[in-house]
Amino acid sequence: MKSIIHLIMAAPIITIAPLIFLLMSLTGCGEIKNNNRAVYLLLDTSGTYSKELSKAQLIMNYLLATLDSGDSIAIARIDSGSFSEKDIIVKATFDQRPSTANSQKRKFKETLDGFVKTMSRGSNHTDISGGLLQAAEYLYETGAAEKHVLIFSDLEEDLVKGHIRKFDLPLDGIHVSALNVTKLRSDNVDPRDYLKRLEQWQNRIQEGGGEWRVINDLERLDNLIVQR
């Protein structure tokens, strides 16, 4: 480094600017900070909750309006066994060119709208844990600085017989938000079941290193993810 500084001091004025640029590059000045965001939206398509999917379009519209070039988004269904790429309905990383990014967003919206419109029946089981594993894998692969999982579900997990989901969830640095957590028929009989279900998921998310919150008012999505 000393030799470069001596070179700058001895150089003619006309050559100083390129040498200063070289010095800044070597010392790390001018590095671009990664402030990209990545969002993974899990949609519960089981039983009566599948009738709630039209509300998921409100969430998607908010996300598409908020995410920028360089940000990533994926939407997947919570199925009988959700730790699989096949459950991803649509995904995209938005191009740096605004016109291309806008085109991506239009196609993204058309794909999800088509899925909601044509889905004939819900899944028989609800593998929320598998969906969270798939979400974490996707988010880490994006390399985004800010990572979110949004769970659109009543949070009632119903696994296929033999499926094991009692393990720690790798959610370090991931913000997990449960949206539109509707009450089950049994919750009306004993409201403590609803509160217990929320508490169990909160504990599991936090034990995996994630942050947890519940948002049931879909008219108040303005702080769902940080806006740049």
Side-chain angles (χ1 to χ4, degrees), residues 28 31-45 56 59-60 62-64 66-94 96 108 125-160 163-181 195-216 218 220-228:
E31 290 183 357
I32 299 176
K33 182 179 179 181
N34 175 14
N35 62 349
N36 289 339
R37 298 166 295 183
V39 181
Y40 197 100
L41 174 58
L42 284 166
L43 300 180
D44 190 337
T45 60
I59 302 169
M60 182 200 62
Y62 161 80
L63 293 173
L64 292 180
T66 304
L67 295 175
D68 299 321
S69 295
D71 294 336
S72 301
I73 180 174
I75 297 182
R77 61 185 295 170
I78 302 174
D79 207 340
S80 299
S82 294
F83 188 48
S84 170
E85 282 277 341
K86 71 178 178 60
D87 290 306
I88 297 179
I89 301 164
V90 58
K91 61 181 178 179
T93 296
F94 298 125
Q96 295 295 335
F108 195 98
H125 299 277
T126 313
D127 181 13
I128 299 174
S129 298
L132 283 167
L133 277 176
Q134 180 70 20
E137 184 176 89
Y138 170 85
L139 292 173
Y140 289 133
E141 286 179 353
T142 66
E146 184 183 319
K147 297 175 280 291
H148 295 268
V149 177
L150 312 179
I151 310 175
F152 187 75
S153 171
D154 58 20
L155 297 181
E156 178 71 11
E157 186 163 62
D158 178 18
L159 299 174
V160 174
H163 282 200
I164 298 173
R165 294 294 185 263
K166 292 183 179 180
F167 44 66
D168 292 337
L169 294 167
L171 299 170
D172 284 336
I174 296 179
H175 306 273
V176 180
S177 299
L179 309 176
N180 195 54
V181 185
L195 298 175
K196 183 179 180 181
R197 193 159 69 251
L198 292 179
E199 182 181 8
Q200 288 174 337
W201 279 110
Q202 178 178 356
N203 291 340
R204 196 166 180 208
I205 297 302
Q206 292 176 342
E207 287 170 1
E211 296 185 11
W212 169 262
R213 62 176 170 168
V214 178
I215 301 176
N216 282 330
L218 297 185
R220 304 182 64 181
L221 296 175
D222 50 317
N223 292 319
L224 185 56
I225 63 174
V226 177
Q227 299 189 34
R228 294 202 298 264

Evaluate the side-chain proximity of L198 to V181: yes if any heavy-atom separation is below 4.5 Å, no if none is. yes
Keeping R197 on the side-chain end and D154 on the backbone end, is there a donor-acceptor pair under 3.5 Å? yes
How long is the straight-line distance from CG of L132 back to CG of L139, given to the nearest 0.5 Å? 10.0 Å
Do M60 and L64 touch side chain to side chain, with heavy atoms closer than 4.5 Å? yes
When rounded to the nearest 0.5 angstrom, what distance separates NE2 in H175 from CZ in R213? 8.5 Å
How would you list, by chain and number, every residue that makes a salt bridge (charged side-chain N to carboxylate O under 4.0 Å, His left out) with E137, sequence neighbours excluded? none
List the atom of N34, the atom of G143, and the distance in Å for their closest heavy-atom pair. ND2-O, 2.8 Å
Full working for side chain to side chain contact (heavy atoms under 4.5 Å, CB included) between N203 and W212: CA-CA 9 Å; N203 291 340; W212 169 262; over 6 Å; no
With sequence neighbours left out, the residues meeting ring-ring contact (aromatic ring centres under 6.0 Å, His included) with Y138 are Y40
If you look at every heavy atom in G70 and Q96, which pair is closest and at what distance? CA-NE2, 3.7 Å
Between I215 and R220, is a side chain to side chain contact (heavy atoms under 4.5 Å, CB included) present by the stated rule, with each step listed? CA-CA 8 Å; I215 301 176; R220 304 182 64 181; 5.5 Å; no
Of the options L218, T66, L179, V39, which is the one that meets L224 in a side-chain contact (heavy atoms from CB on, under 4.5 Å)? L179
Before giving the answer on side chain to side chain contact (heavy atoms under 4.5 Å, CB included), spell out for F167 and L133 the whole-Å C-alpha distance, their side-chain angles and the decisive distance to 0.1 Å. CA-CA 10 Å; F167 44 66; L133 277 176; 3.4 Å; yes
If you look at every heavy atom in S72 and L67, which pair is closest and at what distance? O-CD1, 4.2 Å
Looking at V149 and A135, what are the two nearest heavy atoms and their distance? CG2-CB, 3.8 Å
How many angstroms lie between atom CD of E211 and atom CD1 of I205, to the nearest 0.5 angstrom? 11.5 Å
Does any part of the side chain of I88, heavy atoms only, come nearer than 4.5 Å to the side chain of Q134, both counted from C-beta? yes
Among D79, I59, I89, exactly one meets side-chain contact (heavy atoms from CB on, under 4.5 Å) together with L43. Which residue is that? I89
Considering non-hydrogen atoms only, spot the tightest contact between A38 and T142 and give its length. CB-OG1, 3.5 Å
As an exercise, state the distance from CG of D71 to CD1 of I225, rounded to the nearest 0.5 Å. 7.0 Å
My understanding is that only residues two or more places apart in sequence, or in another chain, count here; which of them pass salt bridge (charged side-chain N to carboxylate O under 4.0 Å, His left out) with D127? R165
Is there a side-chain contact between N216 and V214, using heavy atoms and a 4.5 Å cut-off? yes
Calculate, to the nearest 0.5 Å, the distance between atoms CZ and CD1 belonging to F108 and I73 respectively. 4.0 Å
Before giving the answer on side chain to side chain contact (heavy atoms under 4.5 Å, CB included), spell out for L42 and I128 the whole-Å C-alpha distance, their side-chain angles and the decisive distance to 0.1 Å. CA-CA 8 Å; L42 284 166; I128 299 174; 5.5 Å; no
Is any side-chain heavy atom of K147 closer than 4.5 Å to a side-chain heavy atom of L171? no
Would you check if S129 and H163 make a side-chain contact, meaning some heavy-atom pair closer than 4.5 Å? no
Do T126 and E156 pair up side chain to side chain, a donor and an acceptor below 3.5 Å, judged on atom types alone? no
Please round to the nearest 0.5 Å and tell me the distance separating atom CG of L155 and atom CD of Q200. 10.5 Å
